[in-house]
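Here the structure is a predicted model, which means the values were calculated and not measured.
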Amino acid sequence: MFVFFRMPKISFSDYEKFLEDLAKSKKVEVEDIKKKMVDCGTPGLSGPSAAAKGSPSAVERLTDVSKYTGSHKQRFDEAGKGKGISGRKDTPDKSGYVQGYQNRDTYNKTH
């Protein structure tokens, strides 16, 4: 069941009294508050801001792999192409050598 509440209506004189009390509590002039309210425009959706119009879309920003960090960065190569399973899963090296060993496959050549 939905219950709708009616917003209380106030008179213009009560609204002006509210603005005066607000200005007094915030220690600003009433005219400054009125000017800011006029400058912000009418209530409602006004569309995208000026900053959003000049910038790339959200999809472009989220899919730009050059800005990925951490483990997500390892999933793509320098060109931005996905590496597939090798980018998502660590596969163990079963060669018998430990990580960082520099002389791999040189034992038979020297002995």
Side-chain angles (χ1 to χ4, degrees):
M1 173 194 259
F2 293 101
V3 177
F4 294 99
F5 295 99
R6 291 182 53 162
M7 295 298 292
K9 293 184 179 183
I10 60 172
S11 67
F12 187 72
S13 60
D14 289 339
Y15 181 69
E16 292 227 332
K17 172 82 170 99
F18 164 73
L19 285 180
E20 289 171 10
D21 292 342
L22 179 65
K24 188 184 296 182
S25 69
K26 298 292 182 182
K27 297 182 177 121
V28 295
E29 295 293 324
V30 176
E31 293 305 317
D32 291 341
I33 293 176
K34 288 181 180 180
K35 182 171 178 358
K36 286 182 182 183
M37 290 176 68
V38 169
D39 290 343
C40 75
T42 59
L45 299 175
S46 60
S49 66
K53 288 179 187 174
S55 62
S57 72
V59 174
E60 289 172 355
R61 286 192 320 268
L62 293 172
T63 55
D64 184 3
V65 297
S66 67
K67 294 184 176 35
Y68 287 1
T69 60
S71 62
H72 299 292
K73 188 172 189 172
Q74 297 172 3
R75 294 183 60 197
F76 300 92
D77 62 10
E78 293 78 24
K81 188 171 188 306
K83 292 181 181 177
I85 193 71
S86 65
R88 293 190 302 271
K89 190 173 186 180
D90 287 334
T91 53
D93 180 15
K94 297 180 181 177
S95 67
Y97 291 95
V98 296
Q99 179 181 359
Y101 183 68
Q102 302 293 323
N103 301 318
R104 181 175 177 174
D105 297 326
T106 60
Y107 181 77
N108 291 336
K109 295 176 190 173
T110 59
H111 292 88

**Q** Measure the spacing between CD1 of I33 and CD of E20 and express it to the nearest 0.5 Å.
**A**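 Going from the CD1 atom of I33 to the CD atom of E20 covers 10.0 Å.
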**Q** Give, for atom CD of E29 and atom CG of L19, the distance between the pair rounded to the nearest 0.5 Å.
**A**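 The CD atom of E29 sits 13.0 Å away from the CG atom of L19.
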**Q** Tell me every residue that passes ring-ring contact (aromatic ring centres under 6.0 Å, His included) with F18, counting only those two or more places apart in sequence or in another chain.
**A**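 So F18 forms no ring-ring contact (aromatic ring centres under 6.0 Å, His included) with any residue.
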**Q** Looking at D21 and K17, is there a salt bridge between them, counting it only when a charged N and a carboxylate O are closer than 4.0 Å?
**A**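 Salt bridge flag = yes for D21 with K17.
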**Q** Of all residues at least two apart in sequence or in a different chain, which pass the side-chain contact (heavy atoms from CB on, under 4.5 Å) check with K35?
**A**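 In terms of side-chain contact (heavy atoms from CB on, under 4.5 Å), with neighbours along the sequence ignored, K35 is linked to D39.
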**Q** If you group Ile, Leu, Val, Met, Phe, Trp and Tyr by side-chain heavy-atom gaps below 4.5 Å, do M37 and V28 land in one group?
**A**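 Hydrophobic grouping puts M37 with V28.
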